[in-house]
Structure formats: C-alpha cells, structure tokens
Participant: 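Please see the structure below; I have some questions.
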2 protein chains.
Amino acid sequence: MNWADLDSGHCSIARAADIVGDRWTLLILRDVSRGIRRFDELSAHLGIARNILSARLGALVANGVLERMPYAEEGRRPHQEYVMTPRGAELLPVLLALIAWGDRHLSEEPPVRAVHNGCGHEVRLVPTCTAGHALTGGGEVQIVPGPGARRVDRE
Amino acid sequence: MNWADLDSGHCSIARAADIVGDRWTLLILRDVSRGIRRFDELSAHLGIARNILSARLGALVANGVLERMPYAEEGRRPHQEYVMTPRGAELLPVLLALIAWGDRHLSEEPPVRAVHNGCGHEVRLVPTCTAGHALTGGGEVQIVPGPGARRVDRE
DNA sequence: CAGTATCCCAAGCGATACTG
DNA sequence: CAGTATCGCTTGGGATACTG
C-alpha cells in the first residue's frame with residue numbers, strides 16, 4: 001500500500017483540527033471546562049475580541065461541542081451559560097495531552113494541572129494497547145490508515 | 001482563589017497551541033511519524049504550498065520538535081529527511097487524542113488508526129489518576145491551576 | 001449582560017516562478 | 001531535490017461602538 005495515496009484531508013486529525021485547531025478554541029474549552037462559562041467572563045479572561053468569541057462559541061455550538069443554556073438562579077438576573085456537551089467532554093484528552101506536553105517541554109513548573117474530581121490526584125494519559133501492553137512511549141506507536149481511509153483520485 | 005485572575009496566556013495549553021495549533025503542523029507531524037519525511041513527499045501528500053511547508057518545518061526544527069538530517073543511502077542521491085526528536089515523539093498523545101475524538105464523532109469508520117508496533121493492536125489513551133483510579137470519562141476530571149500559574153497584574 | 005455591527009490590519013495561505 | 005522569492009488573496013483577529 002502506498003501511504004502517499006491516502007487522502008490527507010479525510011484523516012480524523014484533519015477533521016478534528018478543523019474544529020478545534022485554531023488559536024482560541026482550545027482555550028475556550030479549557031475555560032469552560034474549568035467553570036468560566038459566561039460570555040463576558042470568557043471575554044475578560046481570555047482577552048479575546050468579542051466578535052471573535054461570538055464566532056467561536058457559535059461554531060462550537062453548531063458542532064455540538066458546547067451547548068448554550070439559559071440560567072435563572074433566584075435572586076439574580078437570568079443569564080446564559082455555555083456548557084460542555086458529552087461530545088465536548090470527550091475532547092478532554094486532547095487538552096490533557098497538550099497540558100502534559102507543554103508542562104514537560106515549555107515550562108519549569110506546571111501552570112495548570114488536571115486532577116481527578118473524586119480524589120484530587122493528578123490525571124495522566126496512559127497509552128495502552130488493546131492487547132494489554134502498557135506503552136512507555138518511545139516510537140512504539142504507529143499511525144496507519146483505518147477502514148475509513150480513502151485514496152486520492154488520480155489518473 | 002479567583003479563577004479569572006489566572007493568566008490565560010501562560011497556560012501550557014496556550015503555549016503548546018502556539019507551536020502546534022495551526023492548520024498544518026499537526027498534519028505534518030502525523031505524516032512524519034508515519035514515514036513521510038522528505039520535503040517533496042510532504043508537499044505532495046499534504047497539498048500544502050511549498051513556502052508554507054518550508055516555514056512550518058523551520059519552526060518545528062527551531063522548536064526542537066523535528067530534526068533535519070542528511071541521508072545518504074548507497075546507490076541513491078543523498079537527500080534530507082525530517083525526523084521526530086524525542087520532544088516531538090512525546091506529542092504523539094495529542095495526535096492519538098485527536099484521532100480518537102475525530103473517529104468517534106466525525107466519521108462513520110476510522111480513517112486512521114494508531115497501533116502498537118510490537119503486536120499491531122490498537123492503542124488508546126486511558127486517563128488514569130495517580131491514585132490508581134481508572135477514569136471512565138464523564139466529567140470526572142478538572143483542570144486547575146498548578147504551581148507555575150501566574151496571576152494577571154491588576155490594580 | 002450578551003451579544004452584533006463595522007472597520008481595518010496583519011498573518012496565513014496558495015500559486016507560481018526561480019535557484020543551488 | 002529541497003528549498004527561496006514574490007505576489008496577491010482571504011481569513012482571523014483587534015478595537016470600538018452600538019443594541020435588546
């Protein structure tokens with residue numbers, strides 16, 4: 001099989017990157033997942049322009065990653081919040097992987113940590129082979145085409 | 001502690017996204033990790049403009065993610081290859097996480113798979129708490145500031 | 001409070017031509 | 001083969017003002 005014939009654009013990485021692969025989206029998801037959920041809070045914390053934030057939130061809602069919900073707590077004015085959908089919550093490993101790499105290679109001390117809600121201990125991503133082997137992480141993994149791979153049309 | 005006071009820009013996610021968070025870089029790393037390592041091969045497979053590819057490769061080398069190596073196999077003209085550094089190899093979990101999410105939510109059938117070199121079985125990322133709890137993945141993880149977090153200067 | 005509406009700039013990108 | 005050099009377009013993004 002010729003690797004070079006596999007359509008690069010239909011790869012899951014490419015598709016996922018189309019949704020979360022811009023300068024702000026991952027940071028929005030980080031903030032939402034940590035409890036910053038209102039438009040003005042996000043705007044202030046991220047330092048993002050309001051129109052851009054609006055566009056990003058709209059796209060994330062359209063892609064089913066976030067959901068926009070009206071909140072009405074008693075004694076306060078009602079307001080909107082953006083919350084993770086299940087699909088959005090499943091993006092967490094992406095954030096964890098970036099945190100792990102950034103902590104290890106770009107900082108002396110970790111600026112953020114990921115912790116288990118229950119016990120408060122740190123959470124790591126352990127690459128595990130379905131045959132049960134734990135992978136230590138040095139060139140043991142290879143990315144190969146799956147059943148959904150497409151070939152590029154060529155003559 | 002006031003979450004909103006933590007400097008969003010010094011987060012590891014933000015720093016990592018500065019390096020890998022553009023439209024092409026993750027795809028370049030995917031290709032390099034799968035054995036597409038020469039300039040023209042990458043250019044052809046990705047469909048990226050040559051000047052952009054040049055810029056991206058240069059940045060990745062500058063950031064210590066890739067290394068540029070001259071290759072001289074006998075019988076063939078010598079050429080250049082880009083190979084993963086150890087630092088680059090540690091980005092693999094990011095790719096795995098994106099693949100997992102994209103496969104699950106953006107495709108019917110997985111266009112790419114990650115497999116263990118030794119046994120050929122699929123590799124998954126299992127979020128694991130250092131206390132030993134395996135996490136099933138529904139809202140059990142929280143992102144919190146670490147020791148290296150900085151506060152924003154405000155009056 | 002939660003956005004839209006404008007305006008403008010800069011970066012990213014694609015296409016193409018050229019070079020050691 | 002492995003890039004660099006230009007050019008021009010298009011998008012992302014910042015700043016600001018405005019609205020229900």
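In the text below, chain A, chain B and the rest are named by the order of the sequence lines, each starting its count at 1.
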Participant: Of all the nucleotides listed (D:dG13, C:dA2, D:dG3), which has the minimum atom distance to the side chain of A:Gln80?
Facilitator: C:dA2
Participant: Take atom CH2 of A:Trp24 and atom C1' of D:dG13, then tell me their distance rounded to the nearest Å.
Facilitator: 9 Å
Participant: Which nucleotide, C:dG14, C:dG3, C:dC1, lies nearest any side-chain atom of A:Ser54?
Facilitator: C:dG3
Participant: Quick one: do the B:Arg38 and B:Ser43 side chains pair a donor with an acceptor below 3.5 Å?
Facilitator: no
Participant: If you assign each of A:Asn51 and A:His79 to its closest nucleotide in DNA chain C, which residue comes earlier from the 5' end?
Facilitator: A:His79
Participant: With the side chain counted from C-beta on, respond yes when A:Ile28 and A:Leu53 share a heavy-atom pair under 4.5 Å apart, and no when they do not.
Facilitator: yes
Participant: With respect to the side chain of B:Asp40, which nucleotide from D:dC1, C:dG3, C:dA15 is positioned closest?
Facilitator: D:dC1
Participant: Select one nucleotide: of C:dG12, C:dA15, D:dA15, the one nearest the side-chain heavy atoms of B:Arg56.
Facilitator: C:dG12
Participant: State, yes or no, whether a side-chain contact exists between B:Leu46 and B:Arg30 at a heavy-atom distance under 4.5 Å.
Facilitator: yes
Participant: Take atom CG of B:Leu46 and atom C1' of C:dA15, then tell me their distance rounded to the nearest Å.
Facilitator: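 Value for this atom pair: 17 Å.
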Participant: Quick check: on DNA chain D, is the nucleotide nearest A:Arg77 upstream (toward 5') of the one nearest A:Asp22, or the reverse? Name the residue that is more 5'.
Facilitator: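 The residue mapped nearer the 5' terminus is A:Asp22.
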Participant: Round to a whole Å and report the spacing from CD of B:Glu41 to P of D:dG3.
Facilitator: 12 Å
Participant: When only distance counts, do a donor and an acceptor, one from the side chain of A:Arg50 and one from the base of C:dA2, lie under 3.5 Å apart?
Facilitator: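 When only heavy-atom distances are counted, A:Arg50 does reach the base of C:dA2 through a donor-acceptor pair under 3.5 Å.
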Participant: Please work out whether the ring planes of B:Tyr71 and B:His79 are parallel, tilted or perpendicular, with thresholds of 30° and 60°.
Facilitator: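 Rings of B:Tyr71 and B:His79: parallel, under 30°.
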Participant: Under 4.0 angstrom, heavy atoms only, what part of the nucleic acid is B:Tyr71 near: base, sugar-phosphate, or nothing?
Facilitator: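 Nothing, no nucleic acid heavy atom in range.
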Participant: By nearest atom, which of the nucleotides C:dT4, D:dC1, C:dG14 is closest to the A:Phe39 side chain?
Facilitator: C:dT4
Participant: Identify which nucleotide among D:dG13, C:dG14, D:dG3 has an atom closest to any side-chain atom of B:Arg23, counting heavy atoms from C-beta outward.
Facilitator: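 Closest of the options to the side chain of B:Arg23: C:dG14.
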Participant: Measure CD1/B:Ile48 against P/C:dA15 and give the value in whole Å, please.
Facilitator: 11 Å
Participant: Of the options D:dC1, D:dG14, C:dC13, whose atoms approach the side-chain atoms of B:Ile52 most closely?
Facilitator: C:dC13
Participant: Please state how far atom CG in A:Leu27 lies from atom P in D:dG12, giving the value in whole angstrom units.
Facilitator: 17 Å
Participant: Quickly work out the B:Ile36 CD1 to D:dC1 P distance and round it to whole Å.
Facilitator: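 So the two atoms are 15 Å apart, to the nearest Å.
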Participant: Whom does D:dT11 pair with, Watson-Crick or G-U wobble, provided both distances fall under 3.5 Å?
Facilitator: C:dA10
Participant: Ignoring hydrogens and geometry beyond distance, is a side-chain donor-acceptor pair present between B:Asn51 and B:Ser54 at under 3.5 Å?
Facilitator: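 Result is no, nothing qualifies.
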Participant: What integer distance in Å separates B:Glu81:CD from D:dG3:P?
Facilitator: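 Answer to the nearest Å: 11 Å.
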Participant: Is it true that, when you exclude A:Arg124 itself, more than 12 heavy atoms of the residues, nucleotides or ligands shown sit nearer than 6.0 Å to its CZ?
Facilitator: no
Participant: Among C:dG3, C:dA15, D:dC1, which is the nearest nucleotide to the side chain of A:Tyr82?
Facilitator: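 The closest nucleotide is C:dG3.
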Participant: Checking base pairs now: Watson-Crick or wobble, both atom distances under 3.5 Å. What partners C:dG20?
Facilitator: D:dC1
Participant: Would you mind telling me which residue lines up with the more 5' stretch of DNA chain C, A:Ala55 or A:Pro78, judged by nearest nucleotide?
Facilitator: A:Pro78
Participant: What's the CG-C1' distance between B:Leu42 and C:dC13, to the nearest Å?
Facilitator: 17 Å
Participant: Quick one: label B:Arg76 by what it contacts on the DNA or RNA (base, sugar-phosphate, nothing), any heavy atom closer than 4.0 Å.
Facilitator: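 No contact at all - B:Arg76 keeps every heavy atom at 4.0 Å or more from the nucleic acid.
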